[in-house]
Amino acid sequence: MKIRQQINGVLAVSVLAIAASLGVTLDRANDLRQEMAEISAAENLITSTTHLRLIAVERVLYHEQRSPYQWDRKIKSIQAVLDHMPTSSPVEKSSVAFIRKNILLAQAVFPRLNDTQAADPDNSEMTASLRARTVTSIFVITQEIMDKAEELIRFNREDADAALRAMRYAIWFMGLSLSGVILFGWVTVSRGLLRPMRRVEEGAQRIAKGDYDFRLNINSTNEVGALADAFDEMTARVQNTKNELVVEVNNSKRAELALKQSVQYTQTILDNALDAILTLDEKGIIKSANFAVQSIFGYQSDAMLGQHFSHFLTESSFGEAGNVNAETNKNILLLTGKGREVEGQHREGRSFPIEMAITQSTHDGQLLYIVLARDISERRRVEQMKSEFVSTVSHELRTPLTSVSGSLSLMLGGKLGDLPAVMRPLFDIAHKNSIRLSHLINDLLDMEKLTAGKMLIELTPQPLMPLVDQAVESIRAFGEPLNVTFIVKERLDTVDVKVDGSRLLQVLTNLLSNAAKFSPNGGQVFIAACAIGQMVRVSITDHGQGVPEKFHSQIFQKFAQADSSTTRQKGGTGLGLAITREFVERMNGNVGFTSKEGKGACFFFELPIDVESNPDFRNGE
Ligand code: ADP
């Protein structure tokens, strides 16, 4: 129940109780006043009756002349008292009636005192006894009146006592009611208000100290109960929020730690990397550099920060378009890409070869270059040693091998007389192997010359198709034992290309021999020449096993073979396609292939048409 309702209830009960007590008290007070008035009247009556006696005695003993007059006055005052005497009960009424009757009687007797004096003054003896009897009668009558009056006094005093008692009880009751009301009010306020408020205060203090498990748990339906429920709900929400906050804080701490560890991890990798790793801003100014820059460029990483990256490369690294002193991103853009070989500028003043990769990225919306630089001085030294070794060995081998191969060829040709039949197969094998060996050495030497930049390639305009026909003719003998035939399907007889004839023959021979080697027995190899814009494409298509998908990316690398057993089964070094690409690129063309495993392969090269000799192709028609 609401506190206001409780207080209203208590007030209503207390007002009723006090009103009832007051009513009773007033009632009894009225009774008391009446009783007191009756007592007073009765006492007056007794006094007046005593006066009557005195008047009668004075009349008899002293012959008082004024006595009749005084008697009448007293009688009248007694009657007036009787007239105004309040009578509340039948007993009182009959008492008053009795007194009136005796007054009348006394009234009737008193004149005899006057009569006896006046009637016979000589007969004094008789008169005296009459008077005595009369006075006695008056005394008896007045005694009766006085007894009745005293009886009335007694009655009224008892009634007054009862009224007084009732009043006292009513006042006690009123006091009790008031005490009850005060007590009840106190209990209500204490239980309904003060105690819960103390608990609320305690709760507030506990929560202030961080004890969110505390609940008021006040089971009350009044306003304080509602306040306590709201307080508990609020505390529960605060606790939930705190728990969620704790979880969130823990998560973010964990994430922060993980991030820190990840940053440390990345930094450790960067610090321990052997390659120099730098970041440049959009202009090419160095923003960060790892420890490796010191061992590569000779500068501490901090010393390189804020400088343009161009200053750490030689002028030749940028080619003709670059300018080592220009602090712009133009220099950086010239070098952007992977696997570039440039020259670094060491702190000690020497230059050294670098393999470099520059990639573009963005960070916080800002353009950023990431530079990876590797000192390849050692690799270059080893390569140099290797190429020198290979060329020395190859030259040393080629001369004796040429004479061996020539001698064997002479013997097999019967120029030195007939060979015994049993020896012929052995000579045949020896001859074939000597040819294979000289191919290998030639390939090695070509490759070596190419990589060392010593290969001389002279480009002269000449018709394409005679070179193609010549290559096809020379390879037919190679295809015969394999039952492979070569068919030129499309021709471009009018087209001239600017090439080194013997190198192009080498390219064609290599592609045709590969097509024959990887064709099935009895297979056909198609050769086609067609124009694509200002380029001519020559394609060689076989129907063999094709190139495995995973080998596509490596096929033009040196010594790369899809199946290493190929060398033994079909011959070959894995150098043919690498040399082919180098030659074609040196002749300003490109090579490529398409193949599906099991469905053959189509290798092609494209060369620019010599528009000087073929003006028709000037506009790429
Ligand atoms: P090789 O002397 O071994 O033929 P190449 O460089 O000419 O060396 O060829 C490299 C490898 O490419 C071969 O070993 C073979 O695996 C693959 N290849 C070349 N041409 C063909 C082709 N026409 N069909 C299938 N595979 C080929």
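One-based numbering, in listed order, for ligands and for the atoms of each. Residue numbers run from 1 in the order of the sequence given.
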> One residue to check: D542. Relative to ligand 1, which of side chain, backbone, both or neither has a non-hydrogen atom less than 4.0 Å away?
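Just the side chain.
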> Check this for me: does any side-chain nitrogen of one of E458 and R503 sit under 4.0 Å from a carboxylate oxygen of the other?
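Between R503 and E458 there is no salt bridge, as every charged N stays at least 4.0 Å from the carboxylate O atoms.
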> Mark the output for G544 as yes if a heavy-atom distance to ligand 1 is under 4.0 Å, and as no if none is.
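Contact absent.
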> Is the shortest distance from a heavy atom of F593 to ligand 1 less than 4.0 Å?
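The answer is no: ligand 1 sits nowhere under 4.0 Å from a heavy atom of F593.
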> At less than 4.0 angstrom from any non-hydrogen atom of G546, what atoms of ligand 1 do you find?
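What qualifies from ligand 1 is 25 (C).
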> Taking both backbone and side-chain atoms of N514, is any N or O found less than 3.5 Å from an N or O belonging to ligand 1?
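Such a contact does occur with ligand 1.
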> Treating T399 as the side-chain partner and E396 as the backbone partner, does any N or O pair qualify as donor plus acceptor under 3.5 Å?
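Checked: no pair found.
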> I need the atoms of ligand 1 closer than 4.0 Å to a non-hydrogen atom of L577, numbered in the order shown.
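Going through ligand 1 atom by atom, the ones under 4.0 Å from L577 are 5 (P), 6 (O), 7 (O), 9 (O), 12 (O), 19 (C).
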> By number and element, which atoms of ligand 1 are closer than 4.0 Å to a non-hydrogen atom of K517?
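This gives 1 (P), 2 (O), 4 (O) as the contact atoms.
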> Are D542 and K517 close enough for a salt bridge, meaning some N to O gap below 4.0 Å?
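Judged by the 4.0 Å cut-off on N to carboxylate O distance, D542 and K517 do not form a salt bridge.
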> Which pairs with one or both residues in residues 278-290 pass side-chain hydrogen bond (donor to acceptor under 3.5 Å, both in side chains), sequence neighbours excluded?
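Non-adjacent pairs meeting side-chain hydrogen bond (donor to acceptor under 3.5 Å, both in side chains): T279-S288.
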> For the ring pair F526 and H543, is the centre-to-centre distance below 6.0 Å?
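Between F526 and H543, the centre distance is under 6.0 Å.
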> Aromatic rings H346 and F352: how do their planes relate, parallel, tilted or perpendicular, breaks at 30° and 60°?
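H346 and F352: perpendicular rings.
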> With a cut-off of 4.0 Å, which atoms of ligand 1 are near a heavy atom of G574?
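Matching atoms, with element in brackets: 1 (P), 2 (O), 3 (O), 6 (O), 8 (O).
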